[in-house]
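Here's the structure we're looking at; comments come further down.
The structure displayed is predicted, hence computed values, not measured ones. Position 1 is the first residue of the sequence, and the numbers go up from there.
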Amino acid sequence: MEQNPLVTERIGKLLLRYAIPSIISLLIGSLYNIVDQIFVGNGVGYLGNCATSIVFPLTVIGLAAALLIGDGTAAHLSLCQGRNQTENFHLCLGNGLLLGAVFSILYMLFFFMFTDNILTAFGATEATLPYAREYGMVIFMGMPFYVISNLLSGVIRADGSPQVSMLAMAAGAIFNVIFDPVFIFGFHMGVLGAAVATISGQILSCVIAILYLPKSKTFRLKLKSFRPKFGAVAQALPLGISSFLTQAAIVLTSGVSNMLLVKYGVDSAYGSDIPIAVMGIVMKVFAIVISIAIGLAVGAQPVIGFNYSAGNYKRARDTFRLTTILTVAVAIAATIIFEFFPHALIRIFGNEGEAYVTFAVLCFRIYLCLVVFTCFQKSAGVFLQAIGKPVQSILVSISRDLLFQFPAMIIMSSLWGIMGLLWAAPVADLLAFIVTFAFITMQMKRITGETGEKSK
C-alpha cells in the first residue's frame with residue numbers, strides 16, 4: 001500500500017492525472033447536447049432547439065440510471081481497492097451491466113408506446129411537437145448504448161484508466177461534431193440528422209468501453225458475473241444514489257420549468273416557445289460548468305476514497321480542499337462570462353430576433369448568477385459519496401433542485417410570472433449552499449477528530 005501512488009504521489013499531480021480525463025469525459029458528454037443545439041439552432045431555428053430542449057430531460061433519466069449503477073460501482077471499486085478486496089468485484093459489475101441493459105430497453109419501449117403524451121408533458125406545444133417527436137424517436141433508439149457507455153465510464157476511471165474512459169467519450173463526441181453538420185446541412189435532414197449523428201457517436205463510445213473490459217486491471221468479468229444476483233450490486237447502489245438524485249433533480253426541474261415557461265410565457269412578451277428554446281441553451285451552457293466541477297470531484301474520488309478507507313484521513317481531507325479551491329475558481333470565471341458577455345454566448349446558437357436575445361441575456365445574468373454555490377454543492381456531494389457517506393451525500397445532492405428550486409419555481413412564478421421563475425434558481429443556490437456548508441463543516445470536524453490520523 002505504501003508504494004501505491006494514491007498514497008505517495010503529490011495530490012496536485014494526482015488530480016491532474018485523474019481529474020483532467022474526468023473533466024474531458026464529462027464535457028464531451030455535455031457536448032452531445034450542446035452541439036445539437038448549435039447546429040439545429042443555425043440550421044432549423046428555435047423550434048428545432050425547443051425540440052432538443054424538450055427531449056433533453058428525458059435522456060437525463062437514462063443518464064441518472066447509468067450513474068446510479070456506474071458511479072456507485074466505481075465508488076465501491078475504490079473502497080475495495082483501499083481494503084485490498086477486489087476479488088468479487090466482477091459480480092457487482094456484471095449484475096450492474098445486466099441491470100442497466102434491462103432498464104434501458106424497457107425505458108426505450110415505454111417511450112415508443114407513449115411518445116406524444118410524454119413529449120407534451122415535458123412542454124411540447126402544437127408547433128414544437130413534430131420536431132420533438134422526430135428527434136426523440138431516434139434518440140431513444142440509442143438509449144441502451146447511451147446507458148451502458150455512461151455506466152462503464154466511471155468504472156473504467158476507478159480501475160485506473162481515466163484516459164480510456166476519456167477516449168471512449170471523445171470518440172463518440174468527435175463523431176457527433178463531424179457528422180451533425182453533414183446530416184443537418186449536407187443531407188438536409190434537420191433535427192433527424194442531429195439525432196442520427198448523436199446516437200451513432202453513442203454507439204461508438206459504448207463499443208470502445210466494452211472492448212476495454214477484457215483488459216481491466218483490478219477485475220475480470222466472467223460468464224458467471226452476469227448471473228442474476230441482486231445482492232452483488234446492492235452494496236454499490238447506495239453509493240451511486242447521490243449521482244442519481246442529481247440527475248433526477250435535473251429531470252424534475254427541467255420538466256416543471258418547461259411547463260411553467262409555456263404557462264407564463266403566453267402572457268409575456270416572449271411567447272411560449274422562445275423561453276423553452278432559450279432555457280434549453282442556458283441549461284446546456286450551465287451543464288458545461290457543472291461538468292468541470294463534477295469532473296474535478298470525480299477525478300479526486302479515487303484518491304479520497306482509497307485514502308479514507310485506508311485510514312489516511314488528512315490526505316483525503318487535503319484532496320477535497322484542493323478540489324474545492326479549483327472548483328470555486330472555475331465557477332467565478334464562468335460567472336464573469338455569464339454576467340458580462342451573454343450576447344457572445346447566445347450568438348453561437350443563432351439569432352432569432354430581439355425578443356429571443358433579450359430573454360437569453362436575462363436568463364444568463366439571473367439564472368446563473370450564483371453558479372459558484374452550485375459548483376461547491378456538486379463537489380461536496382461527490383466527496384461525501386467517495387468516503388462512503390451515502391445519506392449525507394443524498395441530502396446535499398437533493399437540496400438545491402428538489403428541496404429548494406422546485407418549490408421556489410412554483411411559488412415565485414405564481415407571484416411574478418416568468419421573471420419569478422428565473423430568480424428561483426439563485427434563491428435555491430443560496431439556500432443549498434448554506435445546507436451543504438453545514439454538512440461539510442461537520443464532516444471535516446469528524447475526520448479531523450479521527451484517531452490514528454496520518455500525516456499523508
Discussion item. Closer than 3.5 angstrom, by distance alone: can the side chain of S393 be matched with the main-chain N or O of G381 as a donor-acceptor pair?
Written reply: yes
Worksheet item: If you measure from OG on S205 to CE on M169, what distance do you get to the nearest 0.5 Å?
Response: 5.5 Å
Item to complete: May I ask you to check whether over 12 heavy atoms, not counting those of Y131, lie within 6.0 Å of atom OH?
Response: no
Discussion item. Let's go through I304 and R317 carefully: what are the C-alpha distance in whole Å and the side-chain angles of both, what is the deciding distance for side-chain contact (heavy atoms from CB on, under 4.5 Å) to 0.1 Å, and is it a yes or a no?
Written reply: CA-CA 8 Å; I304 294 171; R317 186 183 62 209; over 6 Å; no
Worksheet item: Are any side-chain N or O atoms of T120 and backbone N or O atoms of N117, one a donor and one an acceptor, separated by less than 3.5 Å?
Response: no
Fill in: Under 3.5 Å donor-acceptor, T323 side chain and T319 backbone
yes
Item to complete: Check whether any side-chain N or O of S161 sits under 3.5 Å from a backbone N or O of Q163 as a donor-acceptor pair, and report yes or no.
Response: no
Item to complete: Carefully, step by step, assess T374 and I290 under the rule side-chain contact (heavy atoms from CB on, under 4.5 Å).
Response: CA-CA 8 Å; T374 312; I290 295 300; 3.7 Å; yes
Worksheet item: Quick one: OG on S153 to CD1 on I208, what's the gap to the nearest 0.5 Å?
Response: 11.5 Å
Worksheet item: So, does Q443 use its side chain to make a donor-acceptor pair with the main chain of L384 at under 3.5 Å?
Response: no
Worksheet item: With a 4.5 Å limit on heavy-atom distance, are the side chains of C369 and F338 in contact?
Response: no
Worksheet item: Judged by atom type as modelled, is there a donor-acceptor pair below 3.5 Å linking the side chain of N176 to the main-chain atoms of G172?
Response: no
Item to complete: Report yes or no: does N150 contribute a side-chain atom to a donor-acceptor pair with the main-chain N or O of Y146 at less than 3.5 Å?
Response: yes
Discussion item. Distance alone, cut at 3.5 Å: any donor-acceptor contact between the side chains of R400 and Q377?
Written reply: no
Worksheet item: What is the minimum heavy-atom distance between F349 and N49, and which atoms define it?
Response: O-ND2, 4.1 Å
Fill in: Min side-chain heavy-atom separation L204-F145 under 4.5 Å
no
Worksheet item: Considering residues, nucleotides and ligands other than F341, do more than 12 of their heavy atoms fall under 6.0 Å from its CZ?
Response: no
Item to complete: May I ask you to check whether over 12 heavy atoms, not counting those of Y212, lie within 6.0 Å of atom OH?
Response: yes
Fill in: Nearest heavy-atom neighbours spanning G193 and D180
O-OD1, 4.2 Å
Discussion item. Is the ring pair F320/F376 parallel, tilted or perpendicular, if the boundaries are 30 and 60 degrees?
Written reply: tilted
Practice prompt. Decide yes or no for T324 and F383: does some side-chain heavy atom of the first lie under 4.5 Å from some side-chain heavy atom of the second?
Written response: no
Worksheet item: Tell me, do F56 and K284 make a side-chain contact under 4.5 Å, heavy atoms counted?
Response: yes
Discussion item. Rounded at 0.5 Å granularity, tell me how far CG in N258 sits from SG in C50.
Written reply: 8.5 Å
Worksheet item: So how far is it from Q202 CD to T59 OG1, rounded to the nearest 0.5 Å?
Response: 8.0 Å
Fill in: Heavy-atom closest contact (I199 atom, V138 atom, distance)
CG2-O, 3.5 Å
Practice prompt. Using a strict cut-off of less than 4.0 Å between a Lys/Arg side-chain nitrogen and an Asp/Glu carboxylate oxygen, indicate whether D318 and R10 qualify as a salt bridge.
Written response: no
Discussion item. Is there a side-chain contact between L58 and I118 in this structure, where contact means two heavy atoms from C-beta onward sitting under 4.5 Å apart?
Written reply: yes
Fill in: salt bridge (Lys or Arg N to Asp or Glu O under 4.0 Å) between D429 and K378, worked out
CA-CA 11 Å; D429 288 332; K378 303 303 182 186; over 6 Å; no
Worksheet item: Is a donor on one side and an acceptor on the other found under 3.5 Å between the side chain of S379 and the backbone of C375?
Response: no
Discussion item. Minimum heavy-atom separation for P426 and L370, please, with both atom names.
Written reply: O-CD1, 3.3 Å
Worksheet item: Can a donor-acceptor pair be found between the side chains of T128 and T125 at a distance below 3.5 Å?
Response: yes
Worksheet item: Out of curiosity, Y46 OH to S53 OG, how far, rounded to the nearest 0.5 Å?
Response: 13.0 Å
Worksheet entry | Derivation and outcome, side-chain contact (heavy atoms from CB on, under 4.5 Å), residues Y367 and W423 | CA-CA 6 Å; Y367 196 87; W423 279 106; over 6 Å; no
Response to the item:
Minimal heavy-atom distance between V435 and S399, with the atoms involved, is CG1-CB, 4.4 Å
Discussion item. Quick check: closest heavy atoms across A360 and V278, and the distance to 0.1 Å?
Written reply: CA-CG1, 3.4 Å
Worksheet item: Do the non-hydrogen side-chain atoms of F103 and L99 ever get within less than 4.5 Å of each other?
Response: no
Practice prompt. Report the C-alpha separation of E339 and T335 in whole Å, then their side-chain angles, then the decisive distance to 0.1 Å, and conclude whether the side-chain contact (heavy atoms from CB on, under 4.5 Å) test is met.
Written response: CA-CA 6 Å; E339 295 300 319; T335 302; 4.0 Å; yes
Worksheet item: Out of curiosity, Y135 OH to T52 OG1, how far, rounded to the nearest 0.5 Å?
Response: 5.5 Å
Fill in: F433 and V372, any side-chain heavy atoms less than 4.5 Å apart
no
Worksheet item: In terms of heavy-atom contacts, does CZ of F112 have more than 12 from other residues, nucleotides or ligands at under 6.0 Å?
Response: yes
Worksheet item: So do the side chains of M189 and I184 get within less than 4.5 Å of each other, counting heavy atoms only?
Response: no
Fill in: Main-chain N/O of F306 paired to S309 side chain as donor or acceptor, under 3.5 Å
yes
Discussion item. The test is ring pair (Phe, Tyr, Trp, His ring centres under 6.0 Å); show your working for Y107 and F111 and say whether it passes.
Written reply: CA-CA 6 Å; Y107 183 39; F111 179 82; 7.5 Å; no
